[in-house]
Amino acid sequence: MLRLALVGCGRWAAAYETAAPQLRDAAFTAVADPVTARTGSMGQALGATIRAGSLAELLVRHGAAFDAVLIATPNDLHAPLVEAAALAGKHVHVEKPLALTSAAAAAAIAACRSAGVRLMVGHSLRFLPANRVVRASLDAGELGRPGLLRIHRWAPPFPGGWDTWKIDPARNGGLAVHEGVHELDLARWYFSALPTSVYALARGTSPAGPSRPDYLQMHLGFAGGGSAVIDLAFNLPPGDRYGSLALIGSLGAAYADDHHNMHLLFRGGRPSAVVSDASGSYVAVQLQEFVDAVHGDREPAVTGSDGEAAVRMAEAVQASVDEGRPLRLEGERYVRV
Amino acid sequence: MKADRCGWKASAMSGSKVYRVAVLSGAGHTYMPLAMAKHPRFKPVVVAEDASAPDWCHERGAALARQLEVPYVRDLERGLADFQTEVACVLPNTARNADVSVRAAQARHHIWQDKPMAESVVDCDRIVAAVERAGVRFQLYTSNTLASIRQARRMLDAGDIGLPYAIHVDFYFAKDAGVLRDSGESEVVPPSWLSGGELSVEGIYPLAYIQSLFRVRVQRVFARTTAHFFQRHADRGVEDLASVTLEMARGIVGSLCIGRIGRPSHPNTGEIKLHILGSHGALVITQARPEVAVYARGLKPADARHRSTGDDANALQLHEFARAIDTGSSTATDARLGRDICATVMAAKESGRTGTPVAVT
């Protein structure tokens, strides 16, 4: 049984609550968050009896009560917490992004390697059922060589307004690091390579204007001619979100959208669109992968290196936005064209 | 003037003059003259071709003339001069489009021209100059009159999503073009196949959608182009897959993803969608809708499973063309707009070659 400590009991931690009952060979024993009310409610929901205000407190007072740490804090705390957990010999699952910078990500990876603990980064899009079907189709050779990946992901501003850290680039790393890493990692996963070129645009459509971009468009090029075109928007009116993914290969294509698999509900007036609720299920698959990797003493499906690569791509995206020109991969680094 | 339910001016339907049409070549898409033959405002009366045109052009031209039950003339100037025509339907092929349209304009004919407009921006400029000098109407063939696109325009015009700031168009054409790349199979490429790349051939449709919906010029592009699917594209160094980032006037951004993706890659003729973001909402438009899906024993692989049930887009395009001729107003996709679309395509091709953003001039 792998004993888990959850660090960070904010909005995203609710997904862990859904996932917890589905986990095999693992159990939550501890939770930590600076907000006492959160640790109380989340601890109760997860069945974790140990509550603390921070990871440091957990390690000092209850270090023997857990084997692994799940980090779900604001982004700027990810890398320092990974290093602290690793130093204490704990395996680590950290939500994306692994760090705010690729240098910090590399340091976190080195800390885990040095401590001999497993590190998994929560790039959750890899675990969405639709995205896994697309990948399986690629692996089976049905699609041939991937040629074009097209993704749209649109959402309203975060529920309840943007938390402070989510609008502060110093804490979230900016839109590319905070949100773009999702699709950047997915594109790298599908093409099995880093993009060889990156070009990106951003727009700020809120009253805050360009200083607070809520729209990001990324255009990636891959060796052999493949491309990915991705647009992310976080300004839909309150309500549902929209996602669409198409992967065109040399022998076939996969379309993971179908207008969000919507059903229609008729109850007078215009029909309403209804989406099957599959929320949270993929988080259980993601966490189970971490648990299984630790038990099996193997690398997890999404490694620290994957997380570092995603941050490095996001840095290139941000540089392209800032400078209005593409970047090219030379060796392992992105340089200005 | 009152707009009808489809957004078209009432006068387009009220004109009565029937325009006699000279069809110039039968090498291109014959659905254009066939649509004219069905339309109450146009009457094809001759198919003409240059005597020096290749044999296959004459074979296709003569076959089209038989289908239209009109004379076939191996002299393009005579076709323009001797049949009391005022309108030219121009469809030779990309390389000759500009030359033939210029000659039609010089003969004072209004022009409905097949796409792409020309092989170069310089040639497009020649058409623009000839058309404006002659004072004739020019309409480039597009699919802007599809029901779904008209619906999108109505919603944008009504402000349903506020101020638009981004548009993304996917245009995947699910048809084959010979043998697959790197398959090792050989093929005989038909002489009628003279593609300059799918950006030139199919790219006009999504770019025309953008022009129609947003009415802004593309200022800068960044593109990736590749021959991903078919050997003939690879052999000729032309793209059958392209992705283009668009930067437009008023800070509007967008993208195109286009490709001739092969028949197995879609149950219909292709995935063609528009994703539009605005300050107060968003639109996702599927070009094919409304449609009926038909699945039946005995259908051939090439038969369309999904069949559009929207009204006749070509007929609506001809209504618009007739209105423009009647009133002297602009056409839906006039020569300058066509020229801008061509310039965008050419800039995208250059960007694809160089790997750098290219200004559209």
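Source: prediction; values computed, not measured. Quick note on labels: first sequence line is chain A, next is B, and so on, each numbered from 1.
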- Message: For His182(A) and His123(A), take the angle between the two ring planes, folded into 0 to 90°, and tell me which bin it lands in: parallel under 30, tilted 30 to 60, perpendicular over 60.
- Response: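 It falls in the perpendicular class, over 60°.
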
- Message: Salt bridge check, Asp157(B) against Arg215(B): does any charged N sit closer than 4.0 Å to a carboxylate O?
- Response: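 Salt bridge between Arg215(B) and Asp157(B), a charged N being under 4.0 Å from a carboxylate O: yes.
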
- Message: Whether Arg132(A) and Asp139(A) form a salt bridge (side-chain N of Lys/Arg under 4.0 Å from carboxylate O of Asp/Glu) is what I want to check.
- Response: no

Side chain, backbone, both or neither: which part of [X] has a heavy atom under 4.5 Å from chain B?
X: Arg328(A); value: neither
X: Leu251(A); value: both
X: Pro146(A); value: backbone

- Item | Sub-6.0 Å ring centroid separation between Tyr255(A) and His266(B) |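 Yes, the ring of Tyr255(A) comes within the 6.0 Å limit of the ring of His266(B), centre to centre.
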
- Query: Is the distance between the ring centroids of Tyr215(A) and Tyr165(B) less than 6.0 Å?
  - Reply: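 Yes, they do, as the ring centres are separated by less than 6.0 Å.
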
With a 4.5 angstrom heavy-atom cut-off, which part of [X] approaches chain A: side chain, backbone, both or neither?
X: Phe222(B); answer: both
X: Arg263(B); answer: neither
X: His280(B); answer: backbone
X: Thr226(B); answer: side chain
X: Tyr172(B); answer: side chain
X: Glu247(B); answer: side chain

Among [options], which has the most heavy-atom pairs under 4.5 Å with chain B?
options: Gly252(A), Ser206(A), Ser250(A); value: Ser250(A)
options: Leu148(A), Leu236(A), Thr205(A); value: Leu148(A)
options: Gly324(A), Gly225(A), Ser244(A); value: Gly225(A)

Just give me the residue among [options] that pairs up with chain A most often, heavy atom to heavy atom, under 4.5 Å.
options: Asp170(B), Leu241(B), Thr225(B); value: Asp170(B)
options: Gly278(B), Gly251(B), Ala242(B); value: Gly251(B)
options: Val253(B), Thr286(B), Leu163(B), Asp240(B); value: Val253(B)

- Query: Can you tell me how far CZ of Arg260(B) sits from NE2 of His228(B), rounded to the nearest 0.5 angstrom?
  - Reply: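 If I round to the nearest 0.5 Å, the distance is 15.5 Å.
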
- Item | Inter-residue atom distance Asp214(A).CG - Asn235(A).CG, 0.5 Å rounding | 4.5 Å

- Message: Quick one about Ser243(B) and His219(A) (side-chain donor to acceptor, distance below 3.5 Å, no hydrogens or angles considered), yes or no?
- Response: yes

- Item | side chain to side chain contact (heavy atoms under 4.5 Å, CB included) partners of Gln219(B), counting only residues at least two apart |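 Counting only residues at least two positions away or on another chain, Gln219(B) forms a side chain to side chain contact (heavy atoms under 4.5 Å, CB included) with Ala249(B).
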
- Item | Backbone N/O of Trp189(A) and side chain of Arg135(A): donor-acceptor pair under 3.5 Å | yes

